[in-house]
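Here is the structure we will look at.
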Amino acid sequence: MAKHRDIPAYDAQAIEEKWQRIWEEQDLFKTEEDPSKPKRYVLEMFPYPSGDLHMGHARNYAIGDAMARQARMAGYDVMHPMGFDAFGLPAENAAIKNHTQPAVWTYANMDTSLATMRRMGFSYDYDRLVRTCDPSYYRWEQWLFLKMWEKGLVTRKTSPVNWCPSCKTVLANEQVVDGRCWRCDSVPERVELEQWYLKITDYAQELLDGLDTLTGWPERVKQMQRNWIGRSEGANIAFALADDAGEPTEETFTVFTTRPDTLFGATFFLLAPEYPGLDALVLPEHEAEVAEVKAIAEATSAFDRQATEREKHGAFTGRYVVNPVSGRLLPIWVADYVLTDYGTGAVMGVPSGDERDFQFARKYGLPIPPVVVGEDDPLYEELKDVTGLEVMDVPWESAMAAEGRLVQSGPFTGMKGGHGSEAVRAIIDWLSERGLGEAKVEWRLRDWLISRQRYWGTPIPAVHCPKCGIVPVPEDELPVVLPATLDLAAGETLAECPEFYETTCPVCGGPARRETDTMDTFCDSSWYYLRYLDPHDDQGPFTRESVGRWMPVDNYIGGIEHAILHLLYSRFWTRVMRDLGLFDADAAEGELSEPFTNLLCQGMVKDEHGDVMSKSKGNVVPPSSVIGPYGADTMRMAVLFVAPPEKDFNWDPNAVAGCNRFIKRAWRLVFELAPEGWLEAADEIDPAALSGEAAKLNRSLHALGLRCTRDFDRGQYNTAISAMMELANAAGAYLSAVAEGERDAALTAKVARALVALLAPICPFVTEELYHEALGFEGSVYDEPWPAFDEAQTVTETVQIAVQVLGKVRARIDVPRDIAEDELEARALEAVSRQLEGKTVRKIVSVPGRLVNIVAT
RNA sequence: GCCCGAGUGGCGGAAUGGCAGACGCGGCGGUCUCAAAAACCGCUGACCGCAAGGUCGUGUGAGUUCGACUCUCACCUCGGGCACCA
């Protein structure tokens, strides 16, 4: 018989401190490694340790932890590790400011962050903690670098690079955002330097194609990557330089174009100001003008390249090329809108087909013959049978948009033009047969510049030998360890540290200089998810067995700001490691190419007014401000409940208080629902024997339990929590409707147990306490199996049916669940008889258990 | 300019093509209290009506359908990505 019990006060601080301690003592979050269970790898993007964790981290990790905990309860063998992306510039800046070493600052911050993670109750396998600044980690990164080098994927190139004067290092293309340094907002300078590159362009096509297989990724992230990779299909076409008589010479210039169909419309020819050999080409009388354009180009490239409507500048060189299809002589101009590092640095000018060429032609008075004209354009009738170039100007305000038919285009006149059109194919074929051109694909993606002139990073394992050139550090000499004695505050760099750079050549044994550049920190984060699998292995970066068991990551959770950089680089490294033969080719699963199966980009946490939280604005709400007064459970629930995971939300202190209210309510409810000694009383429930309020509660239990489980499965934690709230409401309604002595103890206890289990992934502390103190169990709620719910027990004897007339609800009727259709229709007609007066029923649509729609006019 | 995503009460947000607004916040009213807090209960899209009830309502306009927040097309607004990439 149920006995009234005293309900202890909910003391979040005491409960959370207690269980944090016990979990640590029991090593509760250690990976099980039970091959009999299906695996699940849940991963959150590891933080850069810039201080303590902020609200964005709290949200990110609350999502991942709810996922990992629920998966474990649902019977999965769960991998859920954490680490730190510990190299990077802020540590150096802090070290300079505080006259200390970057390592000191970094390790202190990691300790602070770790304490907060434990305080938040995140179920990480802390034995697998990875810090990228530990030599035991970057040793294997150096090893991977050497393997890539062997494979020919590492190159050194001299080319114009972005040098950030404030960070005093070069940047990758990806790290120049809106023309500015991604980290400090300075405008980078373009300088010519020899640097280290990874040949990510070798994988451009594969990285693009792979996106189509990623059905578990948000569309916008895939789209961003597609844009970034930037594949363009077109042709390379050779234009021969004309001699003084206007006859083609042996010397040719190649252009890339995506619109070979407009070739007849090319009336001039453009070279980039930096085009190699340009100066030798220019006739003396044009040298001054050309020099002027070159000067303008040089000046603009240093400016913010943002400006949309940039004035175009050009100068005639005095020379001509021959249009390969029309034979027309095209003047060669130098123009500052032609890019050196895309295509060939030379472009054919088709003013009727390209907006930039159009503007250029108008500015300098060059002819604009129409060659692709829309069929609804008045010009089309006039020109549709014209094959030669007769009309040399257009009445248009801008270049013709893509679609249309070819005119004034010799044998191709009349064909459909546009991107990938029949005219494109026909002209490429024509050129190929004559050796004048070929189909070509261009990419926006550039090779990845990975060397940084900074101290706090993974040293590039190379040696510069005056005799042997640049040689790799032998594997058995790894790791190349960073010296700990640099005085950064005094401006010392690795390049000025003889004890680091003085070495001997591994090939000839003579004196040599060690490479003093370090690797981009994005290299560190490109493979850390693999190191978690074997973090203590000193024989290799990871083992094949672990990769076979755990990869790919099933759920990857992090911010949208990594949509291009980190996620593209990781996809690249995974493919490289695959091609290095570091993974087993599994016949069943296929070779590992994509590291992350499902990606969730969580939204930002903004302040109450919708502004981004930042130290400079002074509007940061630290997690401690919630944990202090309310506890970690409330903090976790608040970030999960207030919005769907992928949406931004504005911080709302009232919503946080509301979550705390629910936890307290659930606390009292579970004590009330589970009478003392309930375990003995917990018989199997016979649903058929339940009636009235008990039957109602039982139905709610199963219906809401199913909904909650489904929402966990699809990662909708906000609605999963709503379902728990509804279950609590249903339980509360039962308690107030049924007197204490008359309650069905087996049922209420079952509800209590379900509520505790459902809430456990979100609020681990309070549920653990309830599991022991209210329900009287011994083990951990984390080991409680996820409760099973039964669809059959959600059905009711009678159902409410909406009766619609012409799609508008006019009445609601209660009918037996298994009512015959004709009787249902009869009752529906009766219920809306008033609305049907004077009308004729044309049709009745019945949806069993839901509604009846009467079509009457 | 090209591409992607999103528009639902006072707010955050729910809704396999089938009763729009679940759940929560805020607000209003009540119970308890000397009082307040806490807690609990009720009401809360707009408009008309004493009421019964009715009309309107998911950015705008069309369409498909017995029925559209949901599907299709066009447009508007906001957010994001790429952008002198030929």
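To find a chain, count down the sequence lines: A is the first, B the second, and so on, and within it residues start at 1. Values below: every heavy atom of this structure, side chains too, minus hydrogens, waters and symmetry copies.
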Which atom pairs link the protein and nucleotides 23-26 of chain B when you take only N or O atoms and keep those under 3.5 Å?
residue: G24(B); atom: OP1; partner: Asn729(A); partner atom: ND2; Å: 3.4
residue: C25(B); atom: OP1; partner: Arg661(A); partner atom: NH1; Å: 2.6

Look at the rings of Trp667(A) and Tyr10(A) and say which category their plane angle falls in: under 30° parallel, 30 to 60° tilted, over 60° perpendicular.
tilted

Heavy atoms under 4.0 Å, any strand shown: does Asp648(A) hit a base, just sugar-phosphate, or nothing?
sugar-phosphate

Is the phosphate of C66(B) approached by Lys843(A) (side-chain N or O, under 4.0 Å from OP1 or OP2)?
yes

G18(B), A86(B), C82(B): which one has an atom nearest the side-chain heavy atoms of Asn227(A)?
C82(B)

If only side-chain N and O atoms count, and only distance matters, is there a donor-acceptor pair under 3.5 Å linking Asn236(A) with Thr254(A)?
no

In whole Å, what is the span from the CD atom of Glu672(A) to the P atom of C40(B)?
10 Å

Going by the rule side chain to side chain contact (heavy atoms under 4.5 Å, CB included), which residues pair with Ala315(A) if we only count those two or more places apart in sequence or in a different chain?
Glu289(A), Val290(A), Val293(A), Val334(A)

Given RNA chain B, 5'-ward residue of the pair Gln223(A) and Gly230(A), judged by closest heavy atom
Gln223(A)

Counting only Watson-Crick or G-U wobble pairs whose two distances fall under 3.5 Å, which nucleotide matches C84(B)?
none

Given the ring of Tyr337(A), does Lys312(A) sit roughly above its face, with NZ or CZ under 6.0 Å from the centre of the six-membered ring and within 45° of the axis?
yes

Taking any heavy-atom pair under 4.0 Å as a contact, classify Glu355(A): base, sugar-phosphate, or nothing.
nothing

Once you apply a heavy-atom cut-off of 4.0 Å, does Lys647(A) come out as touching a base, just sugar-phosphate, or nothing?
sugar-phosphate

Please measure how far the P atom in U70(B) lies from the corresponding atom in G57(B), and state the result in whole Å.
14 Å

Where each residue is assigned the nucleotide of RNA chain B containing its nearest heavy atom, which of Arg220(A) and Gly343(A) is assigned the position nearer the 5′ end?
Arg220(A)

Under-3.5 Å N/O pairs linking protein and nucleotides 58-63 of chain B:
none

Hey, what's the ring geometry for Trp333(A) with Phe360(A), parallel, tilted or perpendicular (30° and 60° as the breaks)?
perpendicular

Could you check how far CZ of Arg226(A) sits from P of C2(B), rounded to whole Å?
19 Å

Taking OP1 and OP2 of C3(B), is either one under 4.0 Å from a side-chain nitrogen or oxygen of Arg444(A)?
no

Name the pairing partner of A14(B), where a pair is Watson-Crick or G-U wobble with both distances under 3.5 Å, or state none.
none

Establish, from distance only, whether the side-chain atoms of Asn660(A) and Arg665(A) form a donor-acceptor pair under 3.5 Å.
no

Applying a 4.0 Å non-hydrogen cut-off, can you work out what Pro644(A) is touching in the nucleic acid: base, sugar-phosphate, or nothing?
sugar-phosphate

Which whole-number value in Å describes the distance from Glu825(A) CD to C66(B) C1'?
12 Å

Tell me, do Leu207(A) and Arg571(A) make a side-chain contact under 4.5 Å, heavy atoms counted?
yes

Please name the nucleotide paired to A51(B) by Watson-Crick or G-U wobble geometry with both distances under 3.5 Å, or report none.
none

pair Phe671(A)-Pro8(A): side-chain heavy atoms closer than 4.5 Å
yes

I need the NE2-P distance between His419(A) and C85(B), as an integer number of Å.
11 Å

Report which part of the nucleic acid Val855(A) touches: base, sugar-phosphate, or nothing (heavy-atom distance under 4.0 Å, all strands).
sugar-phosphate

Which whole-number value in Å describes the distance from Gln225(A) CD to G80(B) P?
19 Å

Measure NZ/Lys440(A) against C1'/C85(B) and give the value in whole Å, please.
13 Å

Assess whether a salt bridge exists between Arg707(A) and Glu726(A), defined as any Lys/Arg side-chain N lying under 4.0 Å from an Asp/Glu carboxylate O.
yes

d(CG, Leu727(A); C1', A22(B)) in whole Å
15 Å

Sort out the partner of G5(B) for me: Watson-Crick or G-U wobble, both distances under 3.5 Å, none otherwise.
C78(B)

It should be established whether Tyr337(A) places a side-chain nitrogen or oxygen under 4.0 Å from OP1 or OP2 of nucleotide A86(B).
no

Among the candidates A14(B), G5(B), A86(B), find the nucleotide nearest to the side-chain atoms of Val338(A).
A86(B)

Which pair of non-hydrogen atoms, one from Pro188(A) and one from Leu171(A), has the smallest distance, and what is that distance?
CG-CD1, 4.2 Å

When the P atoms of G81(B) and A74(B) are considered, how many whole Å apart are they?
25 Å

With C1' as the reference atom in both, quote the distance from U31(B) to A37(B) in angstrom, rounded to an integer.
15 Å

Nucleotide opposite U72(B) in a Watson-Crick or G-U pair, distances under 3.5 Å:
A62(B)

Once you apply a heavy-atom cut-off of 4.0 Å, does Glu442(A) come out as touching a base, just sugar-phosphate, or nothing?
nothing

Anti/syn call for G9(B), syn if |chi| within 90°:
syn

Whole angstrom is fine here: how far is it from CZ in Arg668(A) over to C1' in C40(B)?
9 Å

For Phe256(A), which contact category applies under a 4.0 Å heavy-atom criterion: base, sugar-phosphate, or nothing?
base

What contact category does Val642(A) fall into here, base, sugar-phosphate, or nothing, at under 4.0 angstrom with non-hydrogen atoms?
sugar-phosphate

Reckon Thr719(A) has a side-chain N or O less than 4.0 Å from the OP1 or OP2 of G13(B)?
no

Between Tyr717(A) and Phe641(A), does a ring-ring contact (aromatic ring centres under 6.0 Å, His included) hold up when you go through it step by step?
CA-CA 6 Å; Tyr717(A) 301 102; Phe641(A) 178 62; over 10 Å; no

Does the side chain of Thr258(A) pick up a donor-acceptor pair with the side chain of Glu233(A) at under 3.5 Å?
no

Checking base pairs now: Watson-Crick or wobble, both atom distances under 3.5 Å. What partners G42(B)?
C28(B)

